[in-house]
Amino acid sequence: MLNYSSIRHQLHQLAEPSGEEKRSQAFILETLQALCPSEVHTFDNSRNLLAVYDSGQDGPTLLFRGDFDAVRVPETIDVPYASQTPGVSHKCGHDGHATILLGLAEQLHQHPLLKGKVLLFFQAGEETGEGAGQLLETGILEQYRPDKVYALHNIPGEALGTVICKEQSFTCSVVSCDIALHGHTSHASEPLKAVSPYPAARAIADQLLAMNQYDMLRDDFRLLTLVEFRVGEQAYGVTAGHGVLRFTLRAKDDALLQATKQALIQLVDDVVSQTDGLTSEIVWKEYFAASKNQPEAVAQIQKAAEMCGLPYVNKEVPFSWGEDFGLLTQHYNGALFGLGSGTEQPSLHHQLFDFPDYLVNVGVKVFFSIIEQNK
């Protein structure tokens, strides 16, 4: 039998950032070999893995996701299994998520399916919003056409083992952008001969921040967060000629996020056009689609919680963070749910966060209970 704690600790030590998960992928592949999947797919465009358990009989196809990339936060906790990668550690719990999926593989090996298929998607590149899209780009899911897709994420601040879910948006749609403003410099003694980006940068920032709707209970909730405002550089003899604004946009659903993007583009164009010689460029980064939870999938998650004797919380509003699994729920029916990782657990990405080993067995049981419902 798998030793869940040992596996989680080994993944924790191997912590690798998005796009660089070479050793973590190799460890997962080696562990899977003893669990006899029907097939394991690797891909040229990512470190993603897709393990298939096929009964050989007609029936539903279910996909379960577990991510395994780490974040660029230094390890500061004093544990024997501390990250061996400087400046990188598992402060989001993906080491635990991937271990849960390996535990599910063991269950499928010990209790073979009688019908249908189960796909285990070990996702790389979740933190940058790339992994789900890379899987879709391969076209492999068109071959299997999953009937339902499921994933979980641990939730600090919620009682250990509590299952948290809701219909419709479970997490927000999120996208980031760099707004570059290009004028031209002059000698600092002749600032009127420059085209400064500062007035436009200030106007853009003020007007974008004025678009915020902070009440999560409202359907038009959206948050535009300024993460950097920079004009010029440390050159005391030169008038600033260039600047950059970096924003993160989030909304309850994808339609509102896309509308907000278009409003931002139009606003930047309008403001920049008022200054002769000033140009702009917008680069969009790290898109996370809202996790669109289908009612039938949510009902199965709630039933699984009951079968496992776990408390269930119907969340009133979405979480404001983004999750790359949302892109899969935009294409296939399914749901993302939360699993409480403890009321005293530090927040996700906090330097003191550490996924609780106890939660691995809980996650395995919930996932397997969903499979049991589809027999």
Side-chain angles (χ1 to χ4, degrees), residues 1-2 4 7 28-29 31-43 48-68 97-123 132 135-136 138-152 163 165 167 170 291-310 312 325-337 339 360-375:
M1 291 183 62
L2 294 180
Y4 294 159
I7 289 173
I28 292 169
L29 274 170
T31 307
L32 276 172
Q33 287 177 354
L35 304 174
C36 302
S38 307
E39 296 177 272
V40 179
H41 299 278
T42 59
F43 306 95
N48 287 331
L49 295 171
L50 189 70
V52 181
Y53 285 84
D54 187 349
S55 69
Q57 303 297 319
D58 290 340
T61 297
L62 308 178
L63 179 148
F64 296 86
R65 192 287 309 263
D67 38 17
F68 63 95
H97 301 168
T99 305
I100 288 170
L101 217 56
L102 288 169
L104 184 59
E106 181 181 52
Q107 291 297 310
L108 290 167
H109 175 48
Q110 294 176 346
H111 308 282
L113 294 169
L114 299 178
K115 63 179 182 178
K117 302 178 184 71
V118 170
L119 313 177
L120 304 182
F121 173 31
F122 293 88
Q123 181 182 345
L135 183 71
L136 291 172
T138 68
I140 194 165
L141 293 188
E142 296 174 13
Q143 171 185 336
Y144 290 105
R145 294 191 173 278
D147 297 287
K148 292 283 194 310
V149 297
Y150 297 92
L152 62 79
V163 176
C165 200
E167 295 182 8
F170 184 69
S291 297
K292 185 179 178 183
N293 282 359
Q294 189 233 12
E296 183 181 348
V298 172
Q300 290 194 333
I301 290 166
Q302 183 172 4
K303 179 65 176 177
E306 294 172 0
M307 291 168 65
C308 296
L310 300 171
Y312 179 86
F325 183 74
L327 189 61
L328 293 185
T329 66
Q330 299 289 330
H331 290 79
Y332 299 96
N333 288 330
L336 170 68
F337 64 96
L339 205 54
V360 174
N361 189 51
V362 176
V364 172
K365 287 181 176 179
V366 174
F367 274 165
F368 194 69
S369 295
I370 293 171
I371 296 173
E372 292 279 288
Q373 294 177 58
N374 286 275
K375 281 186 174 180

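- Nearest heavy atom pair, residue Glu142 against residue Tyr332, reads N-OH, 4.0 Å.
- Note that the CG atom of Asp67 and the CZ atom of Phe122 stand 11.0 Å from one another [nearest 0.5 Å].
- With sequence neighbours left out, the side-chain contact (heavy atoms from CB on, under 4.5 Å) criterion links Lys365 to Cys308, Asn361.
- Residues Phe170 and Thr329 are not in side-chain contact: their nearest non-hydrogen atoms beyond the backbone lie 4.5 Å or more apart.
- In this structure, CG in Leu152 is found 4.5 Å from CD1 in Ile100, a value given to the nearest 0.5 Å.
- Shortest non-hydrogen contact noted between Cys165 and Phe337 is SG-CB, 3.8 Å.
- Within the 4.5 Å cutoff, the side chain of Val163 has heavy atoms near those of the Leu339 side chain.
- Across all their heavy atoms, Val366 and Ala304 have their closest contact at O-CB, 3.8 Å.
- A distance of 7.0 Å separates CG in Leu328 from CD in Gln123, rounded to the nearest 0.5 Å.
- When atom types are taken as modelled, the side chain of Ser38 and the backbone of Asp54 share a donor-acceptor pair closer than 3.5 angstrom.
- Not a single donor-acceptor pair under 3.5 Å links the side chain of Asp58 to the backbone N or O of Lys115.
- Minimum interatomic distance between Asn374 and Pro60 (heavy atoms only, all atoms of both residues): O-CG, 3.5 Å.
- The aromatic rings of Phe368 and His111 are tilted relative to each other, their planes meeting at an angle between 30° and 60°.
- Side-chain atoms of Asp147 do not come within 3.5 Å of backbone N or O of Leu62 as any donor-acceptor pair.
- Between atom CG of residue Leu113 and atom CD of residue Gln57 there is a gap of 11.0 Å, rounded to the nearest 0.5 Å.
- Judged by distance alone, with hydrogens and angles left aside, the side-chain atoms of Gln294 form no donor-acceptor pair with the main-chain N or O of Asn333 at under 3.5 Å.
- For the pair Glu106 (side chain) and Leu2 (backbone), a donor-acceptor distance under 3.5 Å is present.
- Remark: Tyr312 OH to Ile301 CD1 distance equals 7.0 Å, nearest 0.5 Å.
- Residues Ile28 and Ala98 come closest through the heavy atom pair CD1-CB, 4.4 Å.
- Taking CG from Leu101 and CZ from Phe64, the interatomic distance works out to 9.0 Å, rounded to the nearest 0.5 Å.
- Of all the heavy atoms in Gln300 and Gln373, the pair that sits closest is O-NE2, 2.8 Å.
- For residues 301-310, no residue pair satisfies the side-chain hydrogen bond (donor to acceptor under 3.5 Å, both in side chains) rule, not counting sequence neighbours.
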